[in-house]
Amino acid sequence: MEELRIYMKLIRISMRSRLQYRADFITGIISVLVLNAVNLGLIGILVHRFSQLHGWTIWDLVFLYSMFVLSHSLYSLLFWHFNMMDTYIAQGTFDQFLIRPISPLIQFLGREIQYIGIGDILVGVAAFSLAYSNKGLHWQAWQWLFFTVAILSGTMIEMSIRWMIASTAFWLGRSLSLANIMNRFNLLVQQYPIDIFGTWFQVVVTVIPISFLNYYPSLVLLGKANDGTWLRFLPPMVAIVSISAATLVWRAGIRRYASSGS
Amino acid sequence: MRIFWSFARQAFQNTAIYRFDYWLQLVSVFLMMYSVHWIWTSLYSQHPAAFGVNVAQMVTYGILGMALEAIFNPGQGPQTYIATQLKSGGIDTDLAKPLDFHLHMLARNVGEILFRFGTLVLPSALIGGAFLGLQLPASPVAAGLFAVSLLLGYLALFALNFLLGMVAVITLDIRSISWAYSSLVRFFSGQMVPLWLFPGFLGALANVLPFRSIYAIPISIYIGKLNGSAALEALIFQSVWVVALFIVGRLAWSGVHTRLVVQGG
């Protein structure tokens, strides 16, 4: 709890310094809106041509997209700073987090929250509402519960993956390319139902569990149960496993960083 | 030419330090080529008639779009260098160099691009050809026109990126603007979805904007969708835009240059 208090305090400090760049905030939000409009536009063009992709109609796809964006928005708001970690390590500025008697993770994440996540939240909510009403969905309480749990699990899953990728910088010096590969996977999983791709791809995005952000929970929520895979009920379990794995990698990384004396 | 070469060598040295990183990039391209291969074959099996080209051409288009990413990535270019230099204050050493700034940026970027072409585009094209159904150019003529068009496409992208770099001088931070910029460029250049599939208004818009110089025209020539006089017209379209964008770039630079000097770098 003490750590949470410190985290909040750090965030307040970083917010105060960021607030000086009001224009950056606005262009950031606009950029996110443009980015998502473009992504949805591409899907729109394909569906316009083909009426559906592999049995997924336009609103199914918007739903799939919105689930991803909603999970991702919380991640990008709170944990985006992981993407900056290799810069800290390369420049040797990461040491500052190790010399203070507070968890380095808290100090590191407290450095910055990414306002732009707010743009993602707007897009996610708008896309979700459109899909929900156009599909004529009427959810029961358990579906709303599952939806909420799936979104939060998705946030934790993406956070863990990014955390692990960032931690590889302790060994490799930089993690940018790995992060870029991840962006690629993200975009594909976000836009397309993974059953459109070959088996290999499906295995990869299930083992690196990004498809648990949207694809598997969507199978439950859109009632696409015909292929009956039990994986679709697993997002919370996958989240727990991912966080544990990421914590281990991070600890090993810190140990290595500290002992190499760099 | 010597300047280009020295920058290419520098790019090589920068990359050689992170060899693992290089392999990851290659993996990343392979991954993307693999997935577009699937997207197009799977869509094609649904509606063969909706494409206007055959499945081999469509797959070649998609794979080439991914293989060229290494040199046509709108997120990497002079604008990232300019933004970094502005932040660190290193821009004054660039201004002090006895070298025209515009040319300096071009030389630096060409060096890097040549290097990326040799180490990333060619290997990924070979892999695409061996495993994923990337075909050879439609004809020898198409191959020649493709090479010219690729060069023009590169120059157009460079000029656009340079303009974004000029924006950086004014706003000092282009991190978020570049996201919107990259995604618009990718969209209107037809990297993922070819422009001839765009409906009505969007298609017309994409046809007049300069962005189709980047992926759409070279690749359409490669697969033979654009040939004969249509291909020549497309090359003229590219050339006109390249010239126009370079002129705008120079004007913007001379405007911004005074501003930089006033700011004190």
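In what follows, chains carry the letters A, B, and so on, assigned in the order in which the sequence lines appear, proteins first and then strands, with residues in each chain numbered from 1. Values below: every heavy atom of this structure, side chains too, minus hydrogens, waters and symmetry copies. Computed from a predicted structure; not experimentally measured.
Counting heavy-atom pairs closer than 4.5 Å to chain A, the top residue among Leu197(B), Val193(B), Ile177(B) is Leu197(B). Note on Ser178(B), Ser45(B), Ser28(B), Ser182(B): by heavy-atom pairs under 4.5 Å with chain A, the leading option is Ser28(B). Of the listed residues Asn36(A), Asn180(A), Val34(A), the one with more heavy-atom pairs under 4.5 angstrom with chain B than any other is Val34(A). Your options are Asn39(A), Leu187(A), Val38(A), and the one with the most heavy-atom pairs under 4.5 Å with chain B is Val38(A).
Using bins of under 30°, 30° to 60° and over 60° for the plane-to-plane angle, the ring pair Phe94(A)/Phe170(A) lands in the perpendicular bin. Using cut-offs of 30° and 60° for the angle between ring planes, the Trp250(A) and Phe82(A) rings count as perpendicular. Ring geometry for Phe68(A) versus His72(A): interplanar angle under 30°, hence parallel rather than tilted (30 to 60°). Ring geometry for Tyr215(B) versus Phe72(B): interplanar angle over 60°, hence perpendicular rather than tilted (30 to 60°).
In this structure, Trp38(B) has its ring center at least 6.0 angstrom away from the ring center of Tyr192(A). A distance of 6.0 Å or more separates the ring centres of Phe30(B) and Phe131(B).
When side chains are defined from C-beta on, Phe188(B) counts as touching Leu205(B), because their heavy atoms get closer than 4.5 Å.
Neither the backbone nor the side chain of Ile174(B) comes within contact range of chain A; no heavy atom of the residue lies under 4.5 Å from a heavy atom of that chain. Phe197(A) touches chain B through backbone and side chain together, each having a heavy atom under 4.5 Å away. In this structure, chain B has a heavy atom under 4.5 Å from the side chain of His48(A), while its backbone stays farther away. Interface residue Leu46(A): only side-chain heavy atoms are found under 4.5 Å from chain B. Looking at Ile196(A), both its backbone and its side chain come within 4.5 Å of chain B, counting heavy atoms on both sides. For Ser42(B), the part lying near chain A is the side chain, with the backbone staying farther off; criterion is any non-hydrogen pair under 4.5 Å. Within the 4.5 angstrom heavy-atom criterion, only side-chain atoms of Tyr34(B), from C-beta onward, approach chain A. Leu35(A) touches chain B through backbone and side chain together, each having a heavy atom under 4.5 Å away. Of the two parts of Trp23(B), neither the backbone nor the side chain holds a non-hydrogen atom closer than 4.5 Å to a non-hydrogen atom of chain A.
Screening Arg212(B), Lys225(B), Met58(B) for a side-chain contact (heavy atoms from CB on, under 4.5 Å) involving Pro194(B) leaves a single residue, Met58(B).
Within 6.0 Å of the CH2 atom in Trp171(A), the count of heavy atoms belonging to other residues, nucleotides or ligands exceeds 12.
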